[in-house]
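Residue numbers begin at 1 in each chain, while the letters A, B, ... track the order of the sequences. Please read all numbers here as calculations on a predicted model, not as lab measurements.
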Amino acid sequence: MIHTIFFGTNLVAKTVLQALINAPNISVDLVITQPDKPVGRKQIMTPTAVAELASQHNIPVEKPETLKDFPITKLPSCQVAILADYGLIIPQTIIDAFPKGILNVHPSLLPEYRGATPVPSAILHGETTTGVTIMQVEKRMDAGPILATQKYELAPDEMAQDALLALAKIGANVLVEKLPAYMADEIALQVQDDTEATFCNQFTREDGRIDWGKTTQEIYNQYRALSPWPGLWTTWDTKRVKLLKIRPATNKQGNNGQVSIEGDTMYIGTAGGSIQILELQLEGKNAMDVKTFVKGFRQIDGEQFS
RNA sequence: CGCGGGGUAGAGCAGUCUGGCAGCUCGCCGGGCUCAUAACCCGGAGGUCACCGGUUCAAAUCCGGUCCCCGCAA
């Protein structure tokens with residue numbers, strides 16, 4: 001039996017934690033996650049996805065604001081720890097508390113796309129291949145020696161969320177499979193080539209704004225990468241319009257950013273082409289499919305988005 | 001009391017500023033036309049104008065309060 005503790009917060013982490021719980025030869029003795037966060041307009045305090053899963057399985061949970069002064073004595077004595085999608089910095093003292101270190105599941109082919117948003121960033125940059133890496137945690141983010149990698153082909157229409165979930169599952173499987181060999185020192189670690197490293201940061205709301213001077217493919221990639229958050233949006237007069245569901249189109253319809261309506265179909269011009277809008281949301285309104293939207297906003301035809 | 005938009009028929013909206021017949025595009029029901037149709041024509045049903053109170057001869061509309069939805073911000 002391999003005893004371990006788990007650091008993680010969001011969906012990727014939840015997937016990995018589930019795999020660890022399911023594995024008969026692994027025992028998760030403690031889960032460390034981020035504190036409950038206020039969610040939504042009503043700011044309801046909500047535990048993280050990982051905290052919920054852990055309590056369902058009666059695993060003890062710690063929710064420190066920071067690990068900087070976290071007492072090592074509170075950690076159960078384990079040879080190794082697992083980390084996925086945690087979001088807080090791990091101090092060297094915590095890493096050193098585990099003889100075999102901490103293993104991280106990171107959804108990119110390191111050293112490319114180190115950082116917080118590897119999958120959306122890869123899609124945004126038009127990558128068609130990515131993958132998942134299992135490596136040791138060291139003080140520099142995502143820079144530790146590699147245990148294993150697994151490639152993953154991105155489908156042309158694949159959404160970042162779906163790819164992320166798929167990669168989490170693959171990563172979790174690889175981790176569970178390799179862990180016994182790692183514990184037995186049977187895996188040769190591969191040091192990363194730092195000169196090849198690239199980085200990706202958290203997105204902001206502004207990253208979802210559409211530049212109508214871009215091509216259809218660029219905008220579609222932005223949509224695949226950033227939905228549902230921060231989401232694709234543009235402005236009509238002074239109002240924000242979220243584009244919740246779009247599809248690339250080939251027929252050029254009017255100027256860049258100009259709307260054209262054909263029956264129940266809505267197109268917006270891009271550089272050299274257009275995109276088709278399937279679902280959208282106007283500021284202050286509920287989300288609507290295009291057919292419904294056009295019923296109430298018949299003046300939209302020919303309008304200019306910016 | 002963080003900022004802003006909104007609540008009108010089953011859906012989406014106009015009407016509110018300037019008080020005076022409850023409207024539009026659809027959907028639904030019935031009929032017609034058509035080889036046929038999501039097309040076209042004729043007819044019909046469906047409303048506590050979010051809720052409570054006030055002003056007025058008269059309130060969806062003006063005033064005060066309450067609830068709910070959404071966009072931002074965090």
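- Looking at A/T270 and A/S274, their side chains never bring a donor and an acceptor atom within 3.5 Å of each other.
- Straight-line distance between the P atoms of B/G23 and B/C68: roughly 33 Å, to the nearest whole Å.
- When distances run from any side-chain atom of A/M288 to the nucleotides B/C24, B/C72, B/G12, the shortest one goes to B/G12.
- In this structure, B/C49 forms no base pair with any nucleotide, since neither Watson-Crick nor G-U wobble geometry is met with both distances under 3.5 Å.
- Rounded to whole Å, the C1' atom of B/C69 lies 15 Å from the corresponding atom of B/C51.
- B/A59 and B/A22: their P atoms are spaced 12 Å apart (whole Å).
- One atom, CG of A/L282, and another, C1' of B/G4, lie 13 Å apart when rounded to the nearest Å.
- Residue A/K295 contributes atom NZ, which lies 16 Å from atom C1' of B/A14 at whole-angstrom precision.
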Exercise. Run the side chain to side chain donor-acceptor pair (under 3.5 Å) check on A/S108 and A/T130 step by step: do they pass?
Worked result: CA-CA 6 Å; A/S108 82; A/T130 181; 5.8 Å; no
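- A/W236 and A/F305 have tilted rings, their planes meeting at an angle from 30° to 60° on a 0 to 90° scale.
- Minimum atom distance to the side chain of A/Q281 is reached by B/G71, of the listed B/G71, B/A73, B/A11.
- Annotation: salt bridge (Lys or Arg N to Asp or Glu O under 4.0 Å) contacts involving residues 228-244 of chain A, sequence neighbours excluded, are absent.
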Donor-acceptor pairs are to be reported for all side-chain atoms of residues 109-116 of chain A against protein atoms at under 3.5 Å, with residues two or more places apart or in another chain.
{"unit_1": "A/Y113", "atom_1": "OH", "unit_2": "A/H125", "atom_2": "ND1", "d": "3.2"}
{"unit_1": "A/Y113", "atom_1": "OH", "unit_2": "A/E127", "atom_2": "OE2", "d": "2.7"}
{"unit_1": "A/R114", "atom_1": "NE", "unit_2": "A/D142", "atom_2": "O", "d": "3.3"}
{"unit_1": "A/R114", "atom_1": "NE", "unit_2": "A/Q192", "atom_2": "OE1", "d": "3.2"}
{"unit_1": "A/R114", "atom_1": "NH2", "unit_2": "A/Q192", "atom_2": "OE1", "d": "2.7"}
{"unit_1": "A/R114", "atom_1": "NH2", "unit_2": "A/D194", "atom_2": "OD1", "d": "2.8"}

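- Taking side-chain N and O atoms only, A/R298 has no distance below 4.0 Å to OP1 or OP2 of B/C24.
- Residue A/E283 has its side chain nearest to B/G71 when only B/G71, B/C72, B/C69 are considered.
- Between A/W229 atom CH2 and B/A74 atom C1' there is a gap of 11 Å when expressed in whole angstrom units.
- As rounded to whole Å, 10 Å separates atom P of B/G15 from atom CD of A/Q299.
- Protein atom CZ of A/F293 is 18 Å distant from nucleotide atom P of B/C70, rounded to whole Å.
- As the counterpart of B/A22, no nucleotide is assigned, since no Watson-Crick or G-U wobble pattern has both distances under 3.5 Å.
- Counting to the nearest Å, the C1' atom of B/G71 and the CG atom of A/L280 are 14 Å from each other.
- In this structure, A/D36 pairs ionically with A/K63, as a charged nitrogen and a carboxylate oxygen lie closer than 4.0 Å.
- B/C72: Watson-Crick or G-U partner is B/G2, with both key distances under 3.5 Å.
- Nearest-nucleotide assignment on RNA chain B puts the 5′-proximal partner with A/K291, out of A/K291 and A/W233.
- Listed pair A/K285 / B/C13 meets the phosphate criterion, a side-chain N or O lying under 4.0 Å from OP1 or OP2.
- Atom P of nucleotide B/U25 and atom CZ of A/F297 are separated by 17 Å, given to the nearest angstrom.
- In this structure, CE of A/M266 is placed 14 Å from C1' of B/G12, rounded to the nearest angstrom.
- The separation of B/C21 from B/C49, taken at their P atoms, amounts to 15 Å, rounded to a whole angstrom.
- With B/G12, B/G5, B/C70 as the candidates, the nucleotide lying closest to the side chain of A/K239 is B/G5.
- Base pairing annotation: B/C40 forms a Watson-Crick or G-U wobble pair with B/G32, both donor-acceptor distances under 3.5 Å.
- Side chain of A/R240, nearest nucleotide from B/U25, B/G71, B/C70: B/G71.
- Straight-line distance between the C1' atoms of B/U66 and B/C1: roughly 15 Å, to the nearest whole Å.
- Annotation: B/U61 and B/U55 have their C1' atoms spaced 13 Å apart (nearest Å).
- Using N1 to N3 plus N6-O4 or O6-N4 for Watson-Crick, or N1-O2 and O6-N3 for G-U wobble, each under 3.5 Å, B/U16 pairs with nothing.
- Pairing for B/C67 is with B/G7, a Watson-Crick or G-U wobble pair whose two hydrogen-bonding atom distances lie under 3.5 Å.
- A/K242 comes within 4.0 angstrom of sugar-phosphate atoms only, judged by non-hydrogen atoms across all strands, and of no base.
- If you take atom P in B/A11 and the same atom in B/G47, they sit 13 Å apart, rounded to whole Å.
- To the nearest whole angstrom, the two P atoms, one in B/A60 and one in B/C42, are 31 Å apart.
- No hydrogens or angles considered: a donor-acceptor pair under 3.5 Å links the side chains of A/T234 and A/W212.
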